[in-house]
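Counting begins at 1 with the first residue of the sequence.
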Amino acid sequence: MSKTIIISNRLPVQLQIDNRKITATPSVGGLATGMKSVHSGGDSLWIGWSGLTDEEIPNGLAPEIDKALAKHGSSKVSLTTAEVDGFYYGFSNRTIWPLFHYFLEYAEFELESWNIYKAVNQKFADAILEKAEDDDIIWVHDYQLMLVPQMVRKQRPNVSIGFFLHIPFPSYEIFRTLPWRKEVLEGLLGADLIGFHTYDYERHFLSSVRRLLRLEVSFNDIHLDDRVIKVDSFPMGIDYKKFSDAAKKHHENKEVDKSELQKRLDMHKKNQPNAKFLLSIDRLDYSKGIAKRLKAFEYFLNENPQYKEKVRLIILAVPSRSNVPQYQLLKKEIDELVGRINGEFSTVSWTPIWYFYRSMPFENLIDLYTSCDIAWLTPIRDGMNLVAKEYIATRTDKTGVLILSEMAGSANEMNESLLINPNNFEEISEALLQAINMPKEEQQARNGILQKRLERYNVEKWANDFMTSLLEQKQNEKQHKSR
Ligand code: ADP
Ligand code: G6P
C-alpha cells in the first residue's frame, strides 16, 4: 500500500536530553502545528531533524532517539553542529528567510553556507530515497528544503512529489538578487505540484521562472522537457475543531481546574471589569513586527490618554533562532521597549504591558485566546499567520476583535477583521479605538462569518485539496507522456 512521506526540517516534536533522559516537546510554528493535524489522522511517515545535533547525542543513545521519534510516526535526519550552523542558522535563516520576507538588508550571501545547504538537502533527499517506494507520495515542506524535489526526482523519475512553501515567495525584483536563484528554482521544479499560501506568491514564483529560466508557462503550468509542473495556491487552514472544542471545554472548567495564568487573568478582569485585554502571540521574529507594535502602542497611549488603565497588552513572544544575530538584537530591542513603556505609563494599579518570553503549553494558549478581547497581530510580512485563525476559532460566543496586518497571507481570507498597514501608526491607533468600542453585535456578526469560513477551509481540507491536485497532476502527466 502506498504511503505519504512528509519531509520538513522540523518534526512534530523537538527532542531534548537531560542526564540521558529524552523528552519531547511540541514544535512551535505554523508548519509543525498544521501538519501535525494532517499526520495524526493518516498513514504517513514524517522525516526531519530531531532538533539535536550529533554532538549533543550521548554515546549509545541513538537507538533511544529513534524509538522516541517512532512514537510520533517520525524518523530523523542526523545533522552535525557544523551542518546546523551552515544549513539552518546560515543559508535558511540568514539568507532565504530575510530575503523572502523582504528584509533585503539582513540577507547574507555566503558561498560556504550555500554549499552546506546543498549538502544537507542531499542528506534529506537520501533519507527519503531510503524509505520511499515508487508509488509513495512525497510531500516536501518549506524553504529549508527547496533543492530536495529535484534531488529525489533524479533518482526516482516517476515518483509523485509535492512541494509546499510556508513563507512568502517574493517578487522577482527581490528574488533575482539571490546569487543561486536559478539553482533554487530548478530544485523546486523537481516537484509535480508546487503550492503557495496565496495567489500573489504563486504569481511571483511563476514570473521568476519565466524570467530567469525562460521556460514556457501556460496559465499555471510550467513545461520542462517532457514534464508539466503545476503551480497553485492553497491557503492553509487550522484544525478548527481542536481549537473550538478546547475553548468550549475551557469555559466548562471549574475553579480548581483553572491554570494559574487563567486565575490571574480572571482576577484582573474582576478588579477592572471595563479594561480591555489586547493579545499578541508570535515567535520572536523581526518579520512579525513586534517592536513596531510596541511603538504603536506607545503612540496610542500618548494620543489617547483617556485609555490609560483601561487597556493592557499581553505579548507572548516565543524564543526562536536565537543564534542568529538579528534575533538577539530584536530581543534586546523588545526588552528595552517594554521596559520603557511600562516605566513611562505604569501606575500603582496598572502595568500596560505583560510580556512573556517563552513557549507555553497548549492550555495556556487557550487561556489567552479565550480571555483577551482583542487579538492584535501586525507582521511586516508573514506567509500566512495561523495565530489569527486560531484566535477566531476559540471565540465560542463570537465576541472578540481581530486587528490584522494586511501583509499577512491570512488577511486575504479575513476581510471581516480590522485590516491595517503595520507601518501606519495613525491607522493602527484608529483600529484600536474601533476595536475597543466595537458593539458586541458587530463583533459577533464579523466573527460569525469568519468562523464559518475557517471551519470549512480547515487544515484537513487544505491537505486534501493539495493531495487531490497532486494526484490529478500525476495522472495528467501520464496521459500527456503516453500521447
Ligand atoms: P509562524 O509559523 O511564523 O511561527 P504562525 O502564526 O503561522 O507563525 O504559526 C505559529 C504557530 O505556533 C501557531 O499554530 C501557534 O498556535 C503556535 N504557537 C505560537 N506560540 C506558541 C507557544 N507559546 N506555545 C506553543 N505554540 C505556540
Ligand atoms: C515558520 C516556518 C517553518 C518553521 C517555523 C518555526 O513557520 O515556515 O518552517 O519551522 O517558522 O521556526 P524554526 O526555525 O524554529 O523551525
Side-chain angles (χ1 to χ4, degrees), residues 12-13 24-28 30 32-34 36-41 237-281 311-316 318 354 356 358-377 385-403 410 414 416-417 435-436 438-461:
V13 286
T25 47
S27 301
V28 176
T33 50
K36 214 183 298 174
S37 311
V38 176
H39 180 54
S40 59
I238 56 163
D239 187 343
Y240 187 90
K241 195 166 172 327
K242 176 174 154 192
F243 284 91
S244 64
D245 284 356
K248 277 180 211 144
K249 195 167 156 271
H250 168 95
H251 289 300
E252 287 158 11
N253 269 352
K254 301 206 178 65
E255 198 55 34
V256 287
D257 299 326
K258 289 186 177 173
S259 67
E260 283 313 308
L261 174 67
Q262 186 62 55
K263 286 182 192 159
R264 203 169 144 205
L265 287 163
D266 289 350
M267 189 187 80
H268 280 270
K269 289 195 146 206
K270 203 169 141 212
N271 292 345
Q272 289 167 316
N274 295 324
K276 299 281 184 188
F277 276 89
L278 317 182
L279 172 68
S280 73
I281 298 185
V311 287
R312 169 170 284 129
L313 172 60
I314 302 183
I315 297 239
L316 171 57
V318 186
W354 286 358
F356 301 94
R358 68 181 82 129
S359 190
M360 282 196 185
F362 182 71
E363 291 66 32
N364 286 150
L365 280 190
I366 300 296
D367 293 338
L368 290 171
Y369 284 148
T370 50
S371 301
C372 291
D373 310 279
I374 297 165
W376 185 22
L377 304 166
N385 198 297
L386 295 179
V387 168
K389 296 184 171 182
E390 293 170 4
Y391 174 73
I392 296 295
T394 59
R395 308 302 300 181
T396 49
D397 66 355
K398 297 190 172 46
T399 60
V401 184
L402 171 64
I403 303 178
S410 51
M414 303 189 87
E416 294 74 13
S417 61
I436 292 167
M438 190 182 285
K440 199 172 161 185
E441 298 68 34
E442 184 181 342
Q443 298 175 25
Q444 289 172 325
R446 288 172 183 263
N447 292 338
I449 304 172
L450 285 169
Q451 287 184 344
K452 268 203 196 118
R453 194 177 300 136
L454 295 179
E455 191 168 10
R456 191 151 163 238
Y457 293 101
N458 61 15
V459 71
E460 204 184 330
K461 170 107 177 68

Walk me through it: do H268 and F277 pass the test side chain to side chain contact (heavy atoms under 4.5 Å, CB included)?
CA-CA 10 Å; H268 280 270; F277 276 89; 3.9 Å; yes

So, F362 versus F243, ring centres under 6.0 angstrom or not?
yes

Working to the nearest 0.5 Å, report the span between OG1 of T33 and CD of E390.
6.0 Å

Rounded to the nearest 0.5 Å, how far does NZ of K389 lie from OG1 of T394?
14.5 Å

Will you find, in the side chains of H250 and Q262, an N or O donor that is under 3.5 Å from an N or O acceptor?
yes

Between R264 and E260, does any side-chain N to carboxylate O distance fall below 4.0 Å?
no

Over 12 non-hydrogen atoms of neighbours within 6.0 angstrom of OH in Y457:
no

Going through the distances and angles, do R446 and E442 end up as a salt bridge (charged side-chain N to carboxylate O under 4.0 Å, His left out)?
CA-CA 6 Å; R446 288 172 183 263; E442 184 181 342; 2.8 Å; yes

Could you grab the distance from atom CD1 of I374 to atom CD1 of I314, nearest 0.5 Å is fine?
11.5 Å

More than 12 heavy atoms of other residues, nucleotides or ligands under 6.0 Å from NZ of K249: yes or no?
no

Test log, rule side chain to side chain contact (heavy atoms under 4.5 Å, CB included), inputs Q451 and K398:
CA-CA 8 Å; Q451 287 184 344; K398 297 190 172 46; 3.6 Å; yes

Could you walk me through whether V38 and E460 pass the side chain to side chain contact (heavy atoms under 4.5 Å, CB included) test, one step at a time?
CA-CA 6 Å; V38 176; E460 204 184 330; over 6 Å; no

Rounded distance [0.5 Å steps], CG in N271 versus NZ in K269
12.5 Å

Taking all non-hydrogen atoms of both residues into account, name the closest pair between Q443 and M438 and its distance.
NE2-O, 2.9 Å

Any non-hydrogen side-chain atom of L261 less than 4.5 Å from a side-chain atom of L368?
yes

Give the minimum heavy-atom separation between I392 and M414, together with the two atoms involved.
CG1-CE, 3.8 Å

Note: D373 and A275 closest approach over all heavy atoms is OD2-O, 4.2 Å

Closest non-hydrogen atom pair between K36 and P12, with its separation:
CE-O, 3.7 Å

What closest approach, in Å, do S371 and L265 show between heavy atoms, and which atom pair accounts for it?
OG-CD1, 3.7 Å

Checking Y240 now: which residues fulfil ring pair (Phe, Tyr, Trp, His ring centres under 6.0 Å) with it, not counting sequence neighbours?
none

Inspect the surroundings of CD in E416 and state if more than 12 heavy atoms from other residues, nucleotides or ligands are less than 6.0 Å away.
yes

Rounded to the nearest 0.5 Å, how far does SG of C372 lie from CD1 of I281?
8.0 Å

Quiz question: by atom type and distance under 3.5 Å, do the side chains of S259 and D367 form a donor-acceptor pair?
yes

Nearest heavy-atom pair of L402 and S417: which atoms, and what distance?
O-CB, 3.3 Å

Under a 4.0 Å threshold between the charged nitrogen and the carboxylate oxygen, would E455 count as salt-bridged to K241?
no

Given side chain to side chain contact (heavy atoms under 4.5 Å, CB included), test Q444 with T399 step by step and report yes or no.
CA-CA 5 Å; Q444 289 172 325; T399 60; 3.9 Å; yes

CH2-CG distance between W354 and L279, expressed to the nearest 0.5 angstrom:
11.5 Å

